[in-house]
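Note that this is a predicted model, so its numbers are computed, not measured.
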Amino acid sequence: MSTGSGPPENAGEEALTARLFPLSLIQRVSVVKIRDYAFLSDSQSSALVGRDGSVDWYCLPRFDSPSVFGRILDRGSGHWHIRPAGEYRSQWAYIGHSLVIRNVFHMAKGSVSLTDALMLEPGSRGHGIGRKVPHVLLRRVQGLAGEADMDMEFCPRMEYGLTIPRYQSTDRGWNIVGGPVELDLIAGVPSELTGEGICARFRISAGQSAEFSLAYRAPDCGPSDRAIDARLTIEDTIAAWHSWADLHTGYQGLYREEVRRSALVLQGLTYQPTGSVIAAATTSLPEIVGGRENWDYRFAWLRDLSLVMRALWVGACPDEPERFFAWIDRTGGAQGHQAVQIMYGIGGERDLTEHVLDHLEGYQGSRPVRVGNDAWRQRQLDVPGEVLDAAFLLKEKLGDMSGFTRRLLVTLAQRAASGWRERDSGMWEARDRERHYLSSKLMCWVALDRAVKLASRLDAWSEAGGWESERDQIRDTILSRGWSERAQAFTGVLGSDHLDASALLMPIVGFLPATDRRMRATIDAVERTLGEGGLIRRWPGEPNGFILCSYWMVECLALAGLTDKAMERFDQVSAYSNDLGLFSEMAEPGTDEMLGNFPQAFSHIGLINAAWQVSIARPPRGRAP
């Protein structure tokens, strides 16, 4: 465990230089696509910065707050760019195992680096990072060689672009107020107010630097009049991330660096004050460009949170699992008279009513742009299974379960036992009507199977017999009604002939071995019908591949003993990440087009679990990690 002040700046540069891509692979920046963004986080809020040096998404003080910069969803909804004034090529990488990004711009007469970070509380380390944060965006420009002219343009638009703020110059920079948001900008170069915002043109020579900081001002939230040394605070933030990463080095399987990066992303998507995990950092990035399947993912799904705990268990360090169950309990989900929602706000809020932002044009014209998510009203029967599966996996870490954890798990098992015969909206959150989804019945089986195995820890011997009986009835139902002779596969809905990639969960959760005749036929059918370019679609007719389902296929191949094929498929799927190792929800087969919200927790969870499964199945002479 590292608790020092962090590596010296030149050490960070050396680590980054080793990961830079050759200049021949770097293209001139034109239209900024999803894959051309880096993810910044302080584990309470997040930002997306493009490889062109523009911050085009920033919500504060929480992940789900209205945006201050929202150009990713509308050209006029706010941005903050710092970049060369002329033509350039760029190379970027995260600094070590952190969420601090360093972008190197190469021009005809010089090279300049731009380092961006969301500041963590000075001195915070390990599992303490993100509990308290100053809500400051740090940007540092350094001259590396020759000299270069740089442009800075700062144009915030509060409340998803609705509010143009007022600007007031101060002794150290600018005070910006728009609606409920007040910001302090400190610019390390002379700047002026124009019609659009605050602008500057400045020259940087080798050895020179310019620091910028943007602080959110609110009662007890962020700095007000104190100065911020961007160089020192960036170094401290890097050290803080490294101290967290140093606690997660136990994973020794294949694809070690990919697993560590994905674990960092999951930590960045965690709202540390409560321990909840958002599904993604954005809203309304489309599943299909120009389509209407645009949703707000800045909320905490119980399914995602459970899978995150499982993924971090694979990474050898689930952070304080008791916090996970305590968060579910605080939402009211363990109370017998209240429904267990499938999702909550990051602070435990229940009402996530959805509405449309009609004034925004959407990513590449993809409307509507939605905030809130009406899926909170849905019935999804798989959630108890996800939570109980996580509890079973983490039973040793949990030690002696607290009373509220036992009550929660017993309540979820009882609801699975009493409700598995009902229709629901399914894990893909269908909005037309409820059905008897196979995956929902499967996860009810998981809930009861794990509850039976945990009965002694739950002090629930009297309930275990009933759980076991219901579990066996679910199994019989799935085997008799979930198999389609016509499709020669287990399908998405009981009694249907239509394939669904969620059937790949059956061997992953231990319902059937992947070597079972029917399961092998299902794996083959899904690959043949839903697969393209290494990706797996969720259902026939869906145009793009779903990253999580694609990693499920990797797990199934590994479980079936097809290790070489699983490793080949893992490489194919992983190639759909961007050059920083970040995934969106979906990808277009055969191209580099990312689709859906970004970065997506589901996708990174899928990578971690697939890497672990392949590592278990790897033959003795397989390639080294």
Side-chain angles (χ1 to χ4, degrees), residues 9 40 42 44-45 47 49 53-55 58-61 65 67-69 78-83 85 100-102 112-124 132-143 148-158 163-205 207-238 240:
E9 190 164 24
L40 307 179
D42 58 14
Q44 291 193 25
S45 60
V49 57
S54 183
V55 180
Y58 186 25
C59 301
L60 77 166
S65 298
S67 63
V68 170
F69 304 125
H79 67 280
W80 180 16
H81 79 232
I82 300 175
R83 61 186 177 217
V100 177
I101 191 73
R102 185 167 181 262
V112 172
S113 70
L114 171 64
T115 304
D116 291 315
L118 284 179
M119 179 179 168
L120 294 171
E121 183 182 30
S124 64
K132 296 180 180 179
V133 298
H135 299 291
V136 176
L137 174 57
L138 301 168
R139 315 196 75 183
R140 185 174 191 231
V141 180
Q142 293 176 273
D149 290 332
M150 303 291 290
D151 280 339
M152 190 277 285
E153 187 173 86
F154 176 85
C155 301
R157 296 292 185 266
M158 287 72 168
T163 302
I164 299 175
R166 68 157 178 81
Y167 303 87
Q168 178 67 47
S169 62
T170 68
D171 292 340
R172 295 186 294 112
W174 299 87
N175 177 255
I176 304 100
V177 178
V181 177
E182 183 174 359
L183 305 170
D184 290 315
L185 173 68
I186 300 175
V189 299
S191 57
E192 62 179 355
L193 183 63
T194 69
E196 294 297 317
I198 298 168
C199 297
R201 168 70 63 86
F202 59 99
R203 179 165 293 175
I204 286 285
S205 299
Q208 295 180 330
S209 64
E211 281 79 31
F212 303 80
S213 65
L214 179 65
Y216 174 73
R217 181 181 290 200
D220 303 318
C221 186
S224 54
D225 296 325
R226 68 180 178 87
I228 297 171
D229 186 325
R231 181 180 66 85
L232 294 178
T233 49
I234 286 175
E235 289 178 355
D236 186 77
T237 296
I238 294 169

Can you tell me how far [atom2] of [Y] sits from [atom1] of [X], rounded to the nearest 0.5 angstrom?
| X | Y | atom1 | atom2 | result |
| --- | --- | --- | --- | --- |
| Thr115 | Arg231 | OG1 | CZ | 12.0 Å |
| Ser209 | Gln142 | OG | CD | 6.0 Å |
| Asp42 | Thr237 | CG | OG1 | 9.0 Å |
| Arg140 | Leu114 | CZ | CG | 11.0 Å |
| Ile186 | Leu138 | CD1 | CG | 10.0 Å |
| Phe154 | His81 | CZ | NE2 | 12.5 Å |

Identify the heavy atoms of [X] and [Y] that sit nearest to each other, and give their distance.
| X | Y | value |
| --- | --- | --- |
| Ala117 | Leu40 | N-CD1, 4.2 Å |
| His135 | Pro61 | CE1-O, 3.1 Å |
| Val112 | Ala148 | CG2-CB, 3.7 Å |
| Pro156 | Tyr167 | CD-OH, 3.5 Å |
| Ala187 | Phe212 | CA-CD2, 3.7 Å |
| Ala240 | Ser124 | CB-O, 3.4 Å |

Taking the side chain as everything from C-beta on, heavy atoms only, tell me whether [X] gets closer than 4.5 Å to [Y].
| X | Y | value |
| --- | --- | --- |
| Val55 | Arg139 | yes |
| Asp236 | Leu120 | no |
| Trp174 | Asp184 | no |
| Gln44 | Leu60 | no |
| Thr233 | Val136 | no |
| Tyr58 | Ser45 | yes |
| Pro165 | Met158 | yes |

If you count the non-hydrogen atoms of other residues, nucleotides and ligands that lie under 6.0 Å from CD in Glu196, is the total more than 12? no
Short N-O contact, Glu192 and Arg201, less than 4.0 angstrom: no
Residue from Val49, Val68, Leu137, Asp116 passing side-chain contact (heavy atoms from CB on, under 4.5 Å) with Trp80: Leu137
For the pair Phe202 and Asp149, evaluate side-chain contact (heavy atoms from CB on, under 4.5 Å) and give the outcome as yes or no after the intermediate values. CA-CA 6 Å; Phe202 59 99; Asp149 290 332; over 6 Å; no
Could you please spell out the steps behind the side chain to side chain donor-acceptor pair (under 3.5 Å) verdict for Ser213 and Glu211? CA-CA 7 Å; Ser213 65; Glu211 281 79 31; over 6 Å; no
Starting from the C-alpha separation in whole Å, work towards a yes-or-no answer on side-chain contact (heavy atoms from CB on, under 4.5 Å) for Ile198 and Met152. CA-CA 8 Å; Ile198 298 168; Met152 190 277 285; 4.2 Å; yes
